[in-house]
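First up is the structure itself, then whatever we jot down about it.
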Amino acid sequence: FKRLRENMKKTREALTAEVQATLFEGDLDEETWERLEEALIYADVGAATTAQVVEELEREAEDGNLVGGEALSNRLAELLAQLARTGDDKIDLRPDPTVILVVGVNGTGKTTTIGKLAWHLRNTLQLQVVVGAADTFRAAAVEQLERWGERAGVDVVKGPEGSDPGAVAFDAIARGRERGADVIIIDTAGRLHTQTNLMDELTKVRRVISKQMPDAPHETLMTVDATTGQNGVRQAKLFGEAVGVTGIILTKLDGTAKGGIALAIANELNIPVKLIGIGEQLEDLRPFDPDDFAKALLT
Ligand code: GDP
């Protein structure tokens with residue numbers, strides 16, 4: 001929690017100053033709620049989510065249930081956490097092997113995240129991991145993934161340059177099963193300027209995986225760059241509709257004052273945020289806990 005709080009510093013500082021100024025000082029009036037709304041919108045909590053939360057807080061304050069800045073700000077954290085709770089925020093690791101497809105637009109931190117995830121599964125949970133480099137379009141992407149594989153101590157399966165992404169996914173699963181891997185993580189392409197082609201390619205990779213293993217992929221995780229704000233919400237919506245995203249990995253939360261985006265995605269898209277990236281090191285990947293997250297933002 002300390003690390004999370006520290007890495008969420010930018011968002012926290014932007015938010016708490018306003019929360020302090022509005023909820024702790026002076027009378028509660030129209031201006032209080034307006035300023036609070038502005039602060040939450042600035043932190044990218046999203047217009048709809050912000051309105052819901054501030055209306056509820058105002059109602060409870062007027063009922064006389066909440067007295068004092070401390071009580072108000074604690075309740076604010078609670079309300080934010082409540083909206084971000086989807087009840088489905090754990091990665092399902094029961095199937096053996098578990099196949100995780102990772103999708104997301106280039107630059108959002110997909111490769112880095114796969115490295116961190118592989119490292120966590122191997123080092124913290126002692127699971128055996130195989131990674132499939134199915135972003136076959138960019139040779140540099142495959143090399144970068146191999147470097148992360150080395151750092152994480154896991155095998156990376158690749159094909160010849162420009163080979164069919166579905167074929168690489170197939171090989172990775174076959175190799176993973178041969179070696180008795182617990183988790184197989186498949187990287188995919190993320191060139192958004194050819195949106196239709198990209199969605200077709202991802203759908204095809206999915207189809208190949210399901211044909212080989214009927215209940216797979218067990219998770220389709222999408223990396224969303226927190227610093228891109230509401231644009232990230234739109235990307236998540238697009239991918240969600242096209243390839244059935246089962247969880248979001250929100251990256252680069254450490255570098256932004258707009259960390260509220262986690263709450264907006266969870267509440268407005270109803271896709272659980274399962275993991276968050278809070279730095280560039282192997283260990284900078286965390287499960288998303290709405291309560292801790294809201295607390296890290298406000299206290
Ligand atoms: P990809 O194109 O989606 O595979 O993106 P990369 O994995 O290459 O990441 C793009 C950049 O974002 C790299 O410079 C990463 O170090 C950086 N990055 C990824 N995740 C995080 C994070 O959680 N925090 C920070 N600060 N940087 C990150």
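Order of listing sets the numbers, starting from 1, for every ligand and every atom in it.
- Phe288 meets the ring pair (Phe, Tyr, Trp, His ring centres under 6.0 Å) test with Phe293; sequence neighbours excluded.
- Using modelled atom types and a 3.5 Å distance limit, the side chains of Thr246 and Glu219 yield a donor-acceptor pair.
- A donor atom on one side chain and an acceptor atom on the other are not found under 3.5 Å apart for Asp225 and Thr251.
- Near ligand 1, Val105, Asn106, Gly107, Thr108, Gly109, Lys110, Thr111, Thr112, Lys116, Gln144, Lys252, Asp254, Gly277, Ile278, Gly279, Glu280 each place a heavy atom less than 4.0 angstrom from the ligand.
- Screening residues 12-22 for side chain to side chain donor-acceptor pair (under 3.5 Å), with sequence neighbours left out, gives Glu18-Arg35.
- For Asp27, there are no salt bridge (charged side-chain N to carboxylate O under 4.0 Å, His left out) partners two or more places apart in sequence or in a different chain.
- Taking 4.5 Å as the limit, some side-chain heavy atom of Leu57 sits within range of a side-chain heavy atom of Leu36.
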